[in-house]
Amino acid sequence: MYRQLSLQLSAVLILLWPHVALSADNFNLSEVAPGVFVHFGKHEEANGQNLGDIANIGFIVGSESIAVIDAGGSVEIGRRLRESIGRHSFLPIRYLIISHIHPDHTLGSPAFAEDQPDIIGHFRLPQAITQRGEFYIDRFKGILGDHNATTILSPNLLVESEMKIDLGNRILLIKAHQTAHTDNDLSIYDENTKSLWLADLLFLDRTPAIDGSTIGWINTLKSLQKVSANVVIPGHGDIVENWPEGSNKILGYFVDLVNWVRNLIQNGESMASATRLSESAEAGDWLLFDDYHPRNVVKTFAELEWE
Ligand SMILES: [Zn+2]
């Protein structure tokens with residue numbers, strides 16, 4: 001009843017407030033499960049044209065409040081997400097969940113400051129903001145303009161291992177993972193719809209960027225494969241409805257990478273020669289492969305050479 005009323009009310013308000021409806025730009029938004037909304041980012045590097053809109057971001061609506069999951073790669077993208085939420089619901093945004101430190105997920109966070117949400121992050125996120133925040137802001141001011149990279153809101157609720165939040169008839173289970181994509185990755189599970197929001201723990205089309213641990217990422221994915229999920233939302237790429245099979249491609253990439261690097265190390269090759277060899281690797285159907293694969297080789301080599 002309450003829900004129905006609030007929907008009617010929002011329809012009336014949109015009619016009375018035409019600029020909200022008129023400002024519906026080409027900001028895509030899909031309801032991938034009831035009440036679970038995803039905006040799909042582009043498979044590009046952040047630039048002045050796409051305004052850092054390269055990651056999947058979105059929100060989940062309960063009967064009393066809304067949780068935003070990642071704020072986008074610039075203040076402008078965060079603002080467009082905030083606007084699109086306003087078109088769907090007038091419920092308060094009580095939570096902003098930051099899946100990890102990377103700028104394509106965090107630089108939009110100031111767009112939610114006025115909502116004064118609780119900001120949820122991995123217990124290592126504050127340290128990552130201290131270490132990299134200024135660097136990201138400086139770098140992306142140059143790419144996106146000063147007004148689009150201003151600050152990264154810091155979490156006030158830290159997830160040590162697990163945390164549950166209630167949006168009203170809707171429980172989200174938030175998990176802090178071991179070092180994988182980064183050392184501060186969260187996943188979010190909506191119990192109502194069995195939607196598993198993995199953010200950058202899952203890449204589908206775009207070559208994964210290893211900024212944490214290749215072995216840790218393999219182990220994390222193997223444990224996530226046991227989750228019963230109807231829909232899985234990656235940080236980059238389309239949703240997955242065949243879980244866990246939908247994780248086989250990325251897992252296969254990591255396993256092949258580890259085997260290949262281990263073999264080179266056993267043969268006494270240096271990191272420099274591994275990097276050189278990686279430049280002629282086959283991309284398969286991975287996008288931006290030449291940009292990320294050599295970096296992944298360096299990261300994995302550094303991790304495995306001390307085994
Ligand atoms: Zn990332």
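Both ligands and their constituent atoms are indexed starting at 1 by order of listing.
With waters neither drawn nor counted, the protein N/O/S atoms under 2.8 Å from the Zn ion (ligand 1) amount to 4.
Taking the six-membered ring where the residue is Trp, H181 and H102 present perpendicular rings, their angle passing 60° and hence far from 30°.
Annotation: salt bridge (Lys or Arg N to Asp or Glu O under 4.0 Å) contacts involving residues 293-307, sequence neighbours excluded, comprise R262-E307. Within the structure, side-chain hydrogen bond (donor to acceptor under 3.5 Å, both in side chains) contacts touching residues 130-143 (residues at least two apart or in different chains) are R132-Y136, R132-D211. Within the structure, salt bridge (Lys or Arg N to Asp or Glu O under 4.0 Å) contacts touching residues 277-290 (residues at least two apart or in different chains) are K249-D285.
Ionic pairing of E76 and R82 is not present here: no N-O contact between side-chain nitrogen and carboxylate oxygen is shorter than 4.0 angstrom.
Contact annotation: the side chain of L264 approaches that of L277 to within less than 4.5 Å [non-hydrogen atoms, C-beta and beyond].
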